[in-house]
Amino acid sequence: MPGGYEWLIIIAVLLLLFGAKKLPEMARSVGQSARVFKGEMKGLKDDDARTRQGEEPKPAQELPAAAPAPQQAAPAPQQQASQQAPAQATDRPAGPAA
């Protein structure tokens, strides 16, 4: 374990390498990482305890029920146009093309 002077040397080297502005940000990110890691470890222990007791772990979030598909009440506009096209008269003669 480092003593008093060794800690001062380590802090001085860190200040020289990263600067005074960057050190608080780095310390914050290390703290957040440690909290996340601790939480995940606790979650794993809880899951192990549940499986030993025969309980199944609950899902994190239940999915909503699927909505029924909408039924088509009227044909689409393109289908209506194709249904009306044969009923319309054409200007071309009904015989073979010359």
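Everything quoted here is computed from the prediction, not taken from an experiment. When a residue number appears, it is its place in the shown sequence, counting from 1.
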Salt bridge or not between K45 and D48? Use side-chain N to carboxylate O under 4.0 Å. no

Please report the interatomic distance CD(E25) to CZ(R28), rounded to the nearest 0.5 Å. 6.5 Å

Identify each donor-acceptor pair in which a side-chain atom of residues 4-20 lies under 3.5 Å from a protein atom, sequence neighbours left out, and give them as a table.
unit_1, atom_1, unit_2, atom_2, d
E6, OE1, G3, N, 2.8
W7, NE1, P2, O, 3.2

